[in-house]
Amino acid sequence: MVDPNVMEKIVALCKRRGFIFQASEIYGGLNGFWDYGPLGAQLKKNIRDHWWRAMTQLRDDIVGLDGAIIMNPAVLKASGHVDTFNDPLVDCKTCQGRFRADQVDKIPCPQKPSKCVADCHGEKTAPRNFNLMLKTYLGPVQDESAVAYLRPETAQAIFVQFKNVLDTSRQKLPFGIAQAGKSFRNEINPRNFTFRSREFDQMEVEFFVHPDDGFKWTEQWLADRLAWYEAVGLPREKIHVLDVPEADRAFYSKKTYDLEYEFPFGVQELEGIAYRTNYDLGKHQEASGKPLEYFDEATKAKFIPHVVEPSAGLDRTLLALLCEAYAEERVADGDLRTVLRFKPCVAPVKAGVFPLLKNKPELVAKAREVEALLRPRMAVQYDDGGAIGRRYRRQDEIGTPFCVTIDFETLEGIREGATAGEKNTVTLRHRDSMEQERVSISALPAKLLAAIG
Ligand code: ATP
């Protein structure tokens, strides 16, 4: 059974241990914005890097892009965002609140939080369209001609650079362009911690294919993305695949899968995989007047490629991993331990390094030596504060998979006449099983690196 307070506990842990803070907190915060603290920033980077590596390094049919956040507004006009990137909005005449009309059954009523907006008696206006793009002005004159937008998705830069990438990367169909970066949406009701924010990171691939192959590649991407989520730590059975019915798909999409995760606050979207046909490139060709066709050498045919788009949220993936990793358990001494069971590949700290006692110079010197050995190879934390058990708990709570303790047995191995087997060993403690083993210092880096992957 899901602990009803688990989200509160996760939010508290994120603040207490420096994963996620409310943005601008000392000024009362800003709704829909979050700052990632030291551990959160590293966790986020690890997830992004894992994705980037899986997409661009481990395959030869996808290349990367890092496009500007602010584009010529003509791009977002052509893509349809300026005119139609809307959510339906209703006002409540009783509490003056504004709510996303298609989610009133999920949004708590500000006056009676035990009820949702749909069940409160306040009189509501008819829904009207609300454009989600965040506007700004470029240059010194703030008139209509200076209006620009913060991008609402990373995808558009990929479409408008399609030709440049094609001409410079020697790719042939099918191939993809990957981009990870910030997107902005003026969400009407940001909520569920970082799940729905106004500034967030996306990880998107636009995969260009021959028009006959769109459905086939959509299925392939579904399989690839499910495997990726498993690789970073979300079990397959906690991910729901929704085959989005035609009525709920964008009009140009011939097939869309939503990948949803069982968050403590409900089953909610992590990623959309959409077969978008040639809609985007077609629109940009039409509006820019520049050819965005592909010439197939083999058949001598010229056509606008079709696109399959796996579009994932980095903040949502991180939140899902936090929810999945969070556990509380009774340990042998009756204590309750809180542990984040991150996979080693995403864990922000890979190894804690401890001298058993901080007032024993030989232990401290050896521990600093081990720290110096590991630090260039992985993220480590040196900790000499308090009882060893407490130090283990501190690392458990931030998800560190390994702890290395330099103890009296380590020193025994330094004395003259120590046998080869006794020499230079440390205690290696495993987070999940809490098992301990002795490992020689020289074997330690390779052993840990193999486990981190
Ligand atoms: P939703 O229906 O939840 O508003 P969407 O279907 O509009 O999302 P897409 O436009 O398909 O979302 O964006 C792709 C991905 O970007 C989403 O699956 C999600 O992971 C992420 N994303 C979208 N909006 C937000 C947001 N406001 N905060 C955090 N992540 C978001």
Side-chain angles (χ1 to χ4, degrees), residues 20 23 30-36 40 44 47-48 51 76 79-81 84-89 99-107 129-134 150-159 178-206 218 221-222 225-226 228-229 232 234 239-245 247-253 255-261 263 265-276 279-280 307-323:
I20 302 173
L30 186 63
N31 196 10
F33 295 88
W34 300 94
D35 290 341
Y36 287 82
K44 195 169 175 183
I47 300 167
R48 187 196 293 113
W51 177 86
L76 296 165
S79 65
H81 286 92
T84 60
F85 195 57
N86 302 323
D87 273 344
L89 168 77
F99 307 103
R100 193 167 143 177
D102 58 340
Q103 295 188 347
V104 283
D105 56 332
K106 299 192 188 84
I107 300 169
N129 279 336
F130 173 77
N131 191 281
L132 294 182
M133 286 209 294
L134 278 152
L150 305 191
R151 66 182 177 200
E153 59 177 31
T154 66
Q156 293 308 319
I158 299 180
F159 294 126
Q179 179 169 214
K182 292 273 187 192
S183 293
F184 301 82
R185 296 182 188 179
N186 194 8
E187 295 281 356
I188 301 167
N189 306 115
R191 63 204 176 88
N192 290 329
F193 198 20
T194 57
F195 180 83
R196 187 170 298 289
S197 306
R198 289 180 168 143
E199 173 177 343
F200 53 95
D201 276 77
Q202 290 183 309
M203 305 180 292
E204 297 192 294
V205 174
E206 304 305 321
T218 307
W221 272 107
L222 174 62
R225 296 300 300 145
L226 287 169
W228 183 80
Y229 284 109
V232 290
L234 297 183
I239 297 189
H240 299 222
V241 178
L242 176 71
D243 186 349
V244 180
D248 299 337
R249 293 199 297 263
F251 69 91
Y252 47 77
S253 174
K255 185 96 185 163
T256 300
Y257 289 116
D258 282 351
L259 305 192
E260 304 173 324
Y261 172 72
F263 286 96
F265 45 85
V267 175
Q268 301 265 357
E269 179 178 326
L270 275 180
E271 165 160 354
I273 300 172
Y275 173 24
R276 300 174 65 96
Y279 176 78
D280 309 272
V307 165
V308 179
E309 176 195 75
S311 170
L314 174 52
D315 307 78
R316 285 190 188 175
T317 305
L318 187 149
L319 184 59
L321 289 178
L322 275 170
C323 295

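Both counts, for ligands and for their atoms, begin at 1 and track the order of listing.
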Under 3.5 Å: N or O atoms of ligand 1 paired with protein N or O:
| from | atom 1 | to | atom 2 | distance (Å) |
| --- | --- | --- | --- | --- |
| ligand 1 | 3 (O) | Arg196 | NH2 | 2.8 |
| ligand 1 | 3 (O) | Arg316 | NH1 | 3.2 |
| ligand 1 | 3 (O) | Arg316 | NH2 | 3.2 |
| ligand 1 | 4 (O) | Arg196 | NH1 | 2.8 |
| ligand 1 | 6 (O) | Glu269 | OE1 | 3.4 |
| ligand 1 | 6 (O) | Glu269 | OE2 | 3.4 |
| ligand 1 | 7 (O) | Arg185 | NH1 | 3.1 |
| ligand 1 | 10 (O) | Arg185 | NH1 | 3.1 |
| ligand 1 | 10 (O) | Arg185 | NH2 | 2.9 |
| ligand 1 | 13 (O) | Gln202 | NE2 | 3.4 |
| ligand 1 | 16 (O) | Gln202 | NE2 | 3.1 |
| ligand 1 | 18 (O) | Glu269 | OE2 | 2.7 |
| ligand 1 | 18 (O) | Leu270 | O | 3.3 |
| ligand 1 | 20 (O) | Leu270 | O | 2.8 |
| ligand 1 | 20 (O) | Gly313 | N | 3.0 |
| ligand 1 | 24 (N) | Arg185 | NH1 | 3.4 |
| ligand 1 | 27 (N) | Glu187 | OE2 | 2.8 |
| ligand 1 | 27 (N) | Ser197 | O | 2.8 |
| ligand 1 | 28 (N) | Phe195 | O | 3.2 |
| ligand 1 | 28 (N) | Ser197 | N | 3.1 |
| ligand 1 | 30 (N) | Arg316 | NE | 3.4 |

Item to check | Non-neighbouring partners of Tyr252 that pass ring pair (Phe, Tyr, Trp, His ring centres under 6.0 Å), sequence neighbours left out | outcome: Tyr279

Next on the checklist: Could you check whether any side-chain N or O of Ser253 sits under 3.5 Å from a backbone N or O of Arg249, counting only pairs where one atom can act as donor and the other as acceptor?
Outcome noted: no

Checklist entry - With sequence neighbours left out, what residues match Tyr36 under ring pair (Phe, Tyr, Trp, His ring centres under 6.0 Å)? => result none

Checklist entry - Considering residues at least two apart in sequence or located in another chain, which fulfil the ring pair (Phe, Tyr, Trp, His ring centres under 6.0 Å) criterion with Phe159? => result none

Next on the checklist: Could you check whether Phe195 and Phe193 have their ring centres less than 6.0 Å apart?
Outcome noted: no

Checklist entry - Has the side chain of Gln202 got a donor or acceptor atom that lies under 3.5 Å from a matching backbone atom of Thr154? => result yes

